[in-house]
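Protein chains get the first letters and strands the later ones, always in sequence-line order, with residue 1 at the start of each. This one's a predicted model, so the numbers in the text were calculated from it and none came from an experiment.
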Protein chains: 2
Amino acid sequence: MEELTKKQDAVYQFILQSIKKNGFPPTLREIGNKFSLSLGTIQDHISLLKAKGYLKVKPNTARGYEPVSHGIPVYGKVAAGKPIFAIENIEGYVQDSYKKTEGVFALKVTGDSMIDAGILDRDVLIVHKQETAEDKDIVIALLDDEVTVKRFRRKRGKIFLEAANEKYEPIEKEFTLIGKVIESRRKY
Amino acid sequence: MEELTKKQDAVYQFILQSIKKNGFPPTLREIGNKFSLSLGTIQDHISLLKAKGYLKVKPNTARGYEPVSHGIPVYGKVAAGKPIFAIENIEGYVQDSYKKTEGVFALKVTGDSMIDAGILDRDVLIVHKQETAEDKDIVIALLDDEVTVKRFRRKRGKIFLEAANEKYEPIEKEFTLIGKVIESRRKY
DNA sequence: CAATATACCATACAAATGTATGGTAGTCAA
DNA sequence: TTGACTACCATACATTTGTATGGTATATTG
């Protein structure tokens with residue numbers, strides 16, 4: 001998806017907010033008032049947002065546009081060495097109730113290293129991207145080109161990762177923290 | 001919530017569908033066209049839907065109304081003897097991606113009887129109401145006035161409930177099936 | 001029976017709203 | 001420097017859209 005400029009993003013975010021708040025999109029004039037901009041300027045912005053694929057517009061229609069919503073992308077098993085957030089890895093999207101989907105993604109679990117924490121193979125984890133975490137948080141980390149779910153530990157000044165399955169030993173290797181798990185879901 | 005008549009419900013459902021499809025509500029005339037009804041008639045229906053609490057209406061506003069959506073209700077611990085779906089028991093609502101929220105509700109887990117199935121205390125289960133289930137489905141059942149999560153078993157012509165925790169024995173008592181778990185969620 | 005609620009109609013009107021047109025100005029890359 | 005893109009403006013216009021008014025008809029209920 002093409003990048004938005006700051007102004008465009010501001011307008012886009014306002015549209016999202018309005019819909020969340022009112023249940024329907026704002027009119028062009030409502031957007032204009034919000035930013036103290038003229039009607040014509042908003043016309044321009046809407047055109048651009050449409051051109052860049054952020055809005056689907058229905059002509060001659062009051063409040064006739066909707067954000068092209070992608071929900072939260074769910075990444076599947078990530079191939080070693082490949083960038084994690086490659087579009088090829090997106091397996092689908094999940095609905096969210098989070099205000100900011102910015103910085104949030106989802107991941108499908110592979111393996112049984114967290115079963116004692118109630119996280120099973122094929123569960124979907126919703127993750128907030130962040131580079132730090134608290135002791136005992138469940139996190140997503142990059143370990144030797146592999147993405148894994150583990151419990152983050154801080155003990156006696158040491159930082160390491162811990163599985164929730166007695167079959168696995170604690171991991172003291174170097175790792176990169178990708179994010180913190182904020183929710184898990186499982187479909188039956 | 002007050003009951004809707006058939007006509008009112010048809011109009012209401014159309015509004016929901018339209019929003020799902022277009023991203024914004026239909027105009028009064030669009031609704032009228034759908035049902036081959038006059039503008040005035042739709043005005044009446046909208047008034048009634050508003051009066052009965054199904055729509056929130058913003059005056060003088062194109063497409064200016066939104067369904068009063070409650071999402072999926074989450075029921076907490078149910079007091080013995082009390083009706084399960086009592087409004088007092090609703091702890092909140094979860095967002096859904098299910099087409100039909102009709103017949104779907106959510107329940108907060110109490111206890112540890114399903115830990116081996118990755119269902120922990122305080123998890124939220126999304127449940128589809130139904131009176132039958134397949135062998136090994138995870139179900140919600142009513143047992144002696146208590147609501148519990150268990151695994152539904154059908155074995156040698158017998159039907160019983162099974163915990164997923166070695167501390168608990170299979171339950172051969174009489175029970176009433178309330179529904180089948182279709183998803184579990186846990187927030188961290 | 002009368003009152004009330006629902007379900008429908010037609011028509012006129014004012015307000016809300018998208019569209020069209022034609023400008024100005026700044027930035028950035030070719 | 002020229003062209004493309006973004007960001008802004010003002011104004012006129014046609015259409016979309018909710019609102020208001022005043023009807024008719026039917027079923028239900030006290």
J.: Do the side chains of A:Glu134 and A:Lys136 get close enough for a salt bridge, i.e. N-O under 4.0 angstrom?
T.: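 A:Lys136 and A:Glu134: not salt-bridged.
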J.: Within the pair B:Thr41 and C:dC9, is there a side-chain N or O less than 4.0 Å away from OP1 or OP2?
T.: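 It does, given that an N or O in the side chain of B:Thr41 lies less than 4.0 Å from OP1 or OP2 of C:dC9.
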J.: Mind checking if B:Ser47 touches a base, just sugar-phosphate, or nothing, with heavy atoms under 4.0 Å?
T.: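 No contact.
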J.: Quantify the bending of the helix from C:dC1-D:dG30 to C:dA30-D:dT1 as the angle between its end axes, each fitted on five pairs, to 10°.
T.: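 Rounded value for the end-axis angle: 30°.
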J.: Is it true that A:Asp135 and A:Lys155 have a side-chain N and a carboxylate O under 4.0 angstrom from each other?
T.: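 So A:Asp135 does not pair with A:Lys155 through a salt bridge.
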J.: For C:dC8, does either OP1 or OP2 sit under 4.0 Å from a side-chain N or O belonging to B:Lys7?
T.: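 True: B:Lys7 side-chain N/O within range (under 4.0 Å) of C:dC8 OP1/OP2.
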J.: So which protein nitrogen or oxygen atoms get under 3.5 Å of nucleotides 25-30 of chain C's nitrogens or oxygens?
T.:
none

J.: For C:dA7, does OP1 or OP2 lie under 4.0 Å from any side-chain N or O of B:His45?
T.: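 Checking C:dA7 against B:His45, a side-chain N or O does come within under 4.0 Å of OP1 or OP2.
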J.: Taking salt bridge (charged side-chain N to carboxylate O under 4.0 Å, His left out) as the definition, give me every residue that meets it alongside B:Lys34, ordered by chain and number, with sequence neighbours left out.
T.: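 Checked B:Lys34 against salt bridge (charged side-chain N to carboxylate O under 4.0 Å, His left out); zero matches.
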J.: Is it true that A:Tyr12 and A:Tyr54 have ring centroids separated by less than 6.0 Å?
T.: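 Yes, they do, as the ring centres are separated by less than 6.0 Å.
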J.: What donor-acceptor contacts under 3.5 angstrom involve side-chain atoms of residues 163-175 of chain B, with partners at least two apart or in another chain?
T.:
| residue | atom | partner | partner atom | Å |
| --- | --- | --- | --- | --- |
| B:Asn165 | OD1 | B:Lys167 | N | 3.0 |
| B:Asn165 | ND2 | B:Asp112 | O | 2.9 |
| B:Lys167 | NZ | B:Asp112 | OD2 | 3.0 |
| B:Tyr168 | OH | B:Asp112 | OD1 | 2.7 |
| B:Lys173 | NZ | B:Asp144 | OD2 | 2.7 |

J.: In Å and rounded to the nearest 0.5 Å, what is the CG to CD1 distance from A:Asp123 to A:Ile115?
T.: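 Spacing of CG (A:Asp123) from CD1 (A:Ile115) equals 11.5 Å.
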J.: To the nearest angstrom, how far is B:Ile42 atom CD1 from C:dC9 atom C1'?
T.: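 Taking CD1 of B:Ile42 and C1' of C:dC9, I get 12 Å after rounding.
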J.: Please determine, by modelled atom types, if A:Tyr188 and A:Arg186 share a side-chain donor-acceptor pair under 3.5 angstrom.
T.: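 Yes - a donor-acceptor pair under 3.5 Å links their side chains.
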J.: Listing request: all ring pair (Phe, Tyr, Trp, His ring centres under 6.0 Å) pairs with a residue in residues 25-53 of chain A, at least two apart in sequence or in separate chains.
T.: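 The answer is A:Phe14-A:Phe35.
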J.: Under 3.5 Å, which N/O atoms of the protein pair with N/O atoms of nucleotides 17-22 of chain C?
T.:
| residue | atom | partner | partner atom | Å |
| --- | --- | --- | --- | --- |
| C:dT17 | OP1 | A:Arg63 | NE | 3.3 |
| C:dT17 | OP1 | A:Arg63 | NH2 | 2.6 |
| C:dT17 | OP1 | B:Ala62 | N | 3.1 |
| C:dG18 | OP1 | A:Arg63 | N | 2.8 |
| C:dG18 | OP2 | A:Leu28 | N | 2.9 |
| C:dG18 | O3' | A:Asn60 | N | 3.4 |
| C:dG18 | N7 | A:Arg29 | NH1 | 2.8 |
| C:dG18 | O6 | A:Arg29 | NH2 | 2.6 |
| C:dT19 | OP1 | A:Asn60 | N | 3.1 |
| C:dA20 | N7 | A:Gln43 | NE2 | 3.2 |
| C:dA20 | N6 | A:Gln43 | OE1 | 3.1 |

